[in-house]
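Notes to accompany the following structure.
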Amino acid sequence: MHPAAIAGATAGRLLHYTVSGVVGGLVLRGAAQAAPAARPAARRLLVNGIAGGIVAGRWLSGAAEEARLKAGDILAEARSSLGEEAPPPSAAEAHAHDHGH
């Protein structure tokens, strides 16, 4: 490779890194100045995201309980079709913890 080509490539890289560094510094400076104004919006976004997660968790819990009950109904129906009596719910299947009721 020709020495002039090597020097040109090196100068091009140096210019690229210099411009990238200056632009990056300006972007960071602008973001730092805008941060106080963005904090309430970021907090609001975070609170809304967590609230959405709580709602989704409640929905999933209800859907899981409904699926469990439907599966129990199907199992009882299958046993009765075989002429077996479905066993009553045992104490082991009940919740082991207290919900305050």
Side-chain angles (χ1 to χ4, degrees):
M1 191 171 220
H2 196 274
I6 294 174
T10 303
R13 280 194 204 113
L14 184 60
L15 180 63
H16 168 75
Y17 292 135
T18 302
V19 170
S20 296
V22 169
V23 170
L26 292 174
V27 167
L28 288 176
R29 183 177 294 161
Q33 289 174 351
R39 278 197 181 126
R43 182 179 178 92
R44 196 170 33 251
L45 183 66
L46 182 61
V47 168
N48 289 339
I50 292 173
I54 291 170
V55 170
R58 289 177 181 165
W59 180 85
L60 286 172
S61 177
E65 181 66 15
E66 185 177 339
R68 187 189 67 80
L69 291 173
K70 286 181 180 178
D73 289 345
I74 291 171
L75 182 62
E77 186 177 339
R79 285 190 173 161
S80 70
S81 73
L82 293 174
E84 298 177 5
E85 187 175 325
S90 68
E93 292 178 5
H95 290 310
H97 55 278
D98 185 22
H99 287 277
H101 47 166

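To the nearest 0.5 angstrom, Thr18 atom OG1 is 13.5 Å from Arg13 atom CZ. Here the CG-CD1 distance, from Leu45 to Ile50, works out to 10.0 Å after rounding to the nearest 0.5 Å.
A donor-acceptor distance shorter than 3.5 angstrom exists from the side chain of Ser81 to the backbone of Ala78, with no hydrogens or angles considered.
The hydrophobic clustering, which links ILVMFWY residues whose side-chain heavy atoms are closer than 4.5 Å, places Leu46 and Ile54 together.
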